[in-house]
Number of protein chains: 2
Amino acid sequence: MARRISERADLLPVLGEIFRDHGFEAASLSVIGARTGLGKGSLYHFFPGGKEEMAKAVLDEIDRWFENEVFRPLREGGNAAADIEAMLVAVDGYFRSGHRICLVGALALADSRERFAAQIAGYFAAWQEALAGALARAGRADPDGLAEEVLALIQGGLVLARARDEADIFTRLLARLLARLRLKLRPASH
Amino acid sequence: MARRISERADLLPVLGEIFRDHGFEAASLSVIGARTGLGKGSLYHFFPGGKEEMAKAVLDEIDRWFENEVFRPLREGGNAAADIEAMLVAVDGYFRSGHRICLVGALALADSRERFAAQIAGYFAAWQEALAGALARAGRADPDGLAEEVLALIQGGLVLARARDEADIFTRLLARLLARLRLKLRPASH
DNA sequence: GTCTATAGAGTGATAGAC
DNA sequence: GTCTATCACTCTATAGAC
């Protein structure tokens, strides 16, 4: 049988996990073939540009997901405090409470960084801008600086959780962050 | 001439920069040979265990540097607030104000993580413990949680600075952190 | 016949070990 | 420098859907 109904879009989540597990360089075509169940012929059929095209497609899909689930709600939401809290919940879910790393952040530190520099920079820029807007609506001073801090905490939390093999670190950091943002947003509560 | 005054210890800083630039997997022996000026024979003379031994030696040297310059001063210092401030100054210098990434953090996110898991975890554990001790001496509540947050901010700041190719992000985050810690340490100043 | 999805032998280059 | 393994990738071939 030659046809086994594969679609390019269905491959992206699997490819994402492969790149998260191995990084770009170490994700060999044999590993990709084994985990997708596809031969080189199929892989090059869907991604004529090879590994680089695969990674770019994965980054695009990540960007699309965050745009829909995180960035746009932050921009268009009504209650800024609730929107920021919803963002933290979505982030906790996406990163599986610290068990999953951020592929974008990992690529930023890797050798292959320059190949994907535009997509990497764009992802964080969009996130920071959307979050800073919500923080501004919530009346926070220096929303850009605070948004930068929140993103750094999330990325650093993922690094620490993986480094110490202790996903709870990420959960604790998100909880602290939530408490800190809440406290300032509702100063009457204490 | 067979001898050209190379010592194993002199190679470690160069190897560190190579691994920071390329990561472990992508730092090929030919790259290492080119940048150290040594042939494969010499490299295997100094590091019979190959690349893995090189990286472990680099991690050991990093650990030694932080132990002397960061961890021990935090543990043995007198004025806790001054010690923490000195730590941030040392960290800013070590990471070249955001121009240099943290090799330990980068390895934690990479495919080769398991090979160096013990050294990676130990580095962050020692840092957090030393910092939490100083924060406790300074009278801070939840010193462990706060130390975790400081480490995450540093690591995340390095990720963001590299991702957006904007080292100033790291400098700004350190400045915010310093201000936040100072404010709480000397509540009488405002 | 044409188009799409598949499989995999075979390419040259390069890897790390020694 | 030698060695073997593996890399990303090319190419040919094939099976079914239209």
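Throughout, a chain's letter reflects where its sequence line sits, starting with A, and its residues are numbered from 1.
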Close N or O pairs between protein and nucleotides 3-6 of chain D (under 3.5 Å):
none

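Heavy atoms from other residues, nucleotides or ligands lying under 6.0 Å from CD of Glu129(B) number 12 at most.
Atom C1' of nucleotide dA15(C) and atom CZ of Phe24(B) are separated by 12 Å, given to the nearest angstrom. One atom, CE of Met54(B), and another, C1' of dA17(C), lie 11 Å apart when rounded to the nearest Å. Here the P atom of nucleotide dA8(D) and the CG atom of Asp111(A) are 14 Å apart, to the nearest Å. Straight-line distance from the NZ atom of Lys51(B) to the C1' atom of dA17(C): 12 Å, rounded to whole Å. One can place CD of Glu53(B) at 16 Å from P of dG16(C), the figure rounded to the nearest angstrom. Whole-Å rounding puts the Leu43(A) CG to dT6(C) P distance at 9 Å. Rounding to whole angstrom units, NE2 of residue His22(A) and C1' of dC7(D) are separated by 15 Å. To the nearest angstrom, P of dT14(C) lies 17 Å from CD1 of Ile32(B).
Not counting sequence neighbours, the partners of Ser42(B) by the side-chain contact (heavy atoms from CB on, under 4.5 Å) test are Leu38(B).
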Only distances under 3.5 Å count here; give the side-chain donor-acceptor pairs of residues 96-113 of chain B to other protein atoms, sequence neighbours excluded, each with its distance to 0.1 Å.
| from | atom 1 | to | atom 2 | distance (Å) |
| --- | --- | --- | --- | --- |
| Ser97(B) | OG | Asp92(B) | OD1 | 3.3 |
| Ser97(B) | OG | Asp92(B) | OD2 | 3.2 |
| Arg100(B) | NE | Glu17(B) | OE2 | 3.1 |
| Arg100(B) | NH1 | Tyr94(B) | O | 3.0 |
| Arg100(B) | NH2 | Glu17(B) | OE2 | 2.6 |
| Asp111(B) | OD1 | His22(A) | ND1 | 3.1 |
| Arg113(B) | NE | Arg162(A) | O | 3.1 |

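No donor-acceptor pair closer than 3.5 Å links the side chain of Asp168(A) to the backbone N or O of Thr171(A). Within the 3.5 Å criterion, the main-chain N or O of Ala27(A) finds a donor-acceptor partner in the side chain of Lys51(A). In this structure, Glu61(A) contributes its side chain and Pro13(A) its backbone to no donor-acceptor pair below 3.5 Å. Between the side chain of Gln128(B) and the backbone N or O of Asp144(B), at least one donor-acceptor pair lies under 3.5 Å.
Each of dG16(C), dT6(C), dA8(D) was ranked by its minimum atom distance to the side chain of Leu29(B); first place goes to dG16(C). You'll find that the side chain of Phe46(A) is closest to dA5(C), out of dA5(C), dA17(C), dC9(D).
Taking the nucleotide of DNA chain D with the nearest heavy atom to each of Gly41(A) and Ala26(A), the more 5' of the two is matched to Ala26(A).
Taking 4.0 angstrom as the limit, Tyr44(B) places a side-chain polar atom (N or O) nearer than this to OP1 or OP2 of dA17(C). Residue His45(A) places none of its side-chain N or O atoms closer than 4.0 Å to OP1 or OP2 of dT6(C).
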